[in-house]
Amino acid sequence: MSTATETKNKKAPAGERVADWADGRLGIYTLAKANMRKIFPDHWSFMLGEIALYSFIVIILTGVYLTLFFHPSMNEVEYHGSYVPLQGQLMSEAFNSTMHISFDVRGGLLIRQIHHWGALIFLAAMFVHMMRVFFTGAFRKPREINWLFGFLLFFLGMFTGFTGYSLPDDLLSGTGVRFMQGAILSVPIIGTYISMFLFGGEFPGGDFVARFYSAHILLLPGIMLGLVVAHLILVVVHKHTHYQGPGRTNNNVVGMPLMPVYMAKAGGFFFLVFGVIAIVAAVATINPIWAIGPYRPDYVGTGAQPDWYMGFAEGLIRVMPGWEINLWGHTLVLGVFIPLLLFPLVLGAIAVYPFIESWITGDKREHHIAQRPRNAPTRTAFGVAWITAYGIMLVGGGNDIFATHFNLSINSITWFVRIFFFAGPVIAFIITKRICLGLQRRDHDKVLHGRESGIIKRLPHGEFVEVHEPLSAGDRYKLTAHEQYEPAELPPAVDENGVERKISRTEKLRVKLNKSYYGDGSQIAKPTAEEYKEITEGHGHH
Amino acid sequence: MKKLSARRRHPLAAVVVLLLALAATGGLYAAFAPAGTAKADETAQSLAIEEGKKLYTVGCASCHGTGGQGTTDGPSLVGVGSAAVDFQVGTGRMPAQQPGAQVPRKKVIYSQAEIDQLAAYVASLGAGPITPKAGQYSPDGADIAKGGDLFRNNCAQCHNFTGEGGALTHGKYAPNLANVSPKHLYEAMQTGPQNMPSFPDTTMPEKEKKDIIAYVQAVNSDRTETPGGFKLGALGPVSEGLFAWVFGLGALIACAVWVAAHTAKAKKS
Ligand code: HEM
């Protein structure tokens, strides 16, 4: 006790005084007090977004280092660095400086590789994170806007990656830029103008590296950083979702407080992410521009692909038949233009899905419990169908590599992709929906009859039965806590006064879709308490 | 004779005599001296052709016809030259086996001596590209950087940037050039096997072929340096993407599962 009074008379420790000073001006204390106890549920699938966030930070840090040595210029220079097989070759300054980073800057190659591997992992993490949100229905109200922010991050990430990938001005990325320019040219009427505008004249011109550079290091990362911050603020505002379980309701979040537990975990996790990316970058080459060589518009190499996140766009163009229409001396290159249209459509399909679903359900309530994918079979099936289409196109984008490495004909792969781009999603949809329903049935049986124990018992009169272990109350709750929608019904065709009711066509469509979501054969009614009682109290269970 | 003796003192007589003498010695030399070695060469050559023909009749005639005129199972070999035989048989492609999109490289079943004999026989059917000598294809002292530029210009569209190979239509492919000997590299350019165009000396001089060979050896062989670590097949973004998903994101998700599983437990009090 006496020590406490003693310290009171003394000056407060320096740290406290600094905190006081800052608090007086910034109001940190109240902010911190409110948020320190922000809760994070513990589940690995909630950490996918963190992987994306940390890899984004890693990319920014390494990117800043690269800007110190990179020259975004297309002036032609002769190479005189330490890599022998390019000695004396003509190349752009951009390529030359990237060679310089790779061979003559201390740690340069490692940083470059961290930056590039980080980019691949960043986009992969965003993709998986997005799929987690999708399959658990975490995009439902109030999180629709945040879903869009996330999607936009993924979309912009693709282009940040693409512009970065083009900066070294090597033969591979140059081919990619040429490919993009070709796609732009296929746009009727304005294509040529857009291309001329983007490249400051004829392709490749002398400007695009500098232009891509400002987009890559300033414009796009700037917008993305803003979106990331907004995304995180919304996460705090909405609070985290959590999976259903005892004590977890739509009105609380169960997990660890931000301070100190989650902070320690998150901080540690940042270093794990950095560490894994650094190990990957230290072990494996990425984009070996020295082997690829400098860009020249008249050269091309086989196996020219973009990074994986643009792979499906590459696939769209590769498998599209080379159709053309000639009209009044103008050529409409459908073989390129249709893929260009499909590109935003494929991506857009997943982006707008949440809005379609909320229209179909007509549910305007808030949802804070993450669903189990099996309990939303139609949505899950749609998601798997979308991934299937995306994945099939990735195969199309790598058709030459798959051909050589699996001893297949590139033509058969192309036909396979063409057919399965349409058939694959349908098949995937049907199969996934059935699996979900099967799992729902299993949950149903588990709740009512318990878990199969694998023990076979022989009864005195010779009958064999398998012993089922009843589930704990908590487990039973977990399997039955989700709510199930009743299928929508159209109101009767005539109202109580016998007057014909006007039902809009969209409403009819909505009800039809709603029935396909929640009607017969699209979900298995979960067991009711009465059913459970009847079975457990009635004839006992086996 | 009178006339001749009358002019014997003519000022030009000495020159005439000299010319005659020169012509005589030259002619004599031409008549005797080289005839010996030429004969020896010829006999060795015809012996080789003879042996080659025997080998050919046993191993090749069923597809290429008894006189190399070709059959439905194999093209005519008249005029393909010794270099084509040395390449095709020396890389194990010939004798071809089961039909497929493309005759693959496989184990060589003839000795080099036998290959030379086969080549001699096929060369005797009609003139064509000749098997190169070591001095022609040795990459020593060649310009690697120039070779790289030539390679990207002429070869990369089929064989990939560093000769890792690539796909062509209908199951055909340009093979990986790792561990192809300089001689076979040279001969491939000379003769243009199957779907590969040929690069005769008229369009690609010997010096440039050497540069290309030096480049391929520098960037795609056991001696190649990979400063960035494993090159993942040097196939570009497809293998990089797979690697990033499996080892990059895979490892990170494993970390996430581990971190989430190790929760700070509430102390029991
Ligand atoms: C979302 C974020 C980003 C992504 C996905 C991304 C991706 C990439 C990629 C794939 C490359 C090609 C690397 C190579 O193999 O050579 C690259 C290059 C580069 N990036 Fe980024 N980047 C991002 C953000 C940044 C930022 C914030 C900066 C700087 C402040 C930056 C600076 C650079 C520079 C200078 C290069 C060219 C040097 C080189 O190619 O080695 N990047 N980026």
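Order of the sequence lines sets the chain letters (A, B, ...), proteins ahead of strands, with each chain counted from 1. As the structure is a computational prediction, the values presented were derived from the model and not from experiment.
For B:Pro237 against A:Gln305, the heavy-atom pair with the smallest separation is CG-O, 3.0 Å. Taking every heavy atom of both residues into account, A:Leu86 and B:Ala145 meet most closely at C-CB, 3.8 Å. The minimum heavy-atom distance between A:Ala284 and B:Phe243, with the atom names listed, is CB-CE2, 3.7 Å. Taking every heavy atom of both residues into account, B:Leu252 and A:Leu272 meet most closely at CD2-O, 4.2 Å.
A 6.0 Å sphere centred on CD of B:Glu225 holds no more than 12 heavy atoms belonging to other residues, nucleotides or ligands. By the 6.0 Å contact criterion, CG on B:Leu55 is enclosed, its count of non-hydrogen atoms from other residues, nucleotides or ligands being greater than 12.
Chain A forms the most heavy-atom pairs under 4.5 Å with one residue out of B:Asn154, B:Asp143, B:Asn160, B:Val219, and that residue is B:Asn160. Between chain A and the residues B:Ala101, B:Ala256, B:Gly241, the most heavy-atom pairs under 4.5 angstrom are made by B:Ala256.
B:Leu242 does not touch chain A: none of its heavy atoms, backbone or side chain, sits under 4.5 Å away.
Annotation: side chain of B:Gln157 is not in contact with side chain of A:Thr302 (no heavy-atom distance under 4.5 Å).
A distance of 6.0 Å or more separates the ring centres of A:Trp117 and B:Phe247.
Between the side chains of B:Tyr173 and A:Asn407, no donor-acceptor pair of N or O atoms lies under 3.5 Å.
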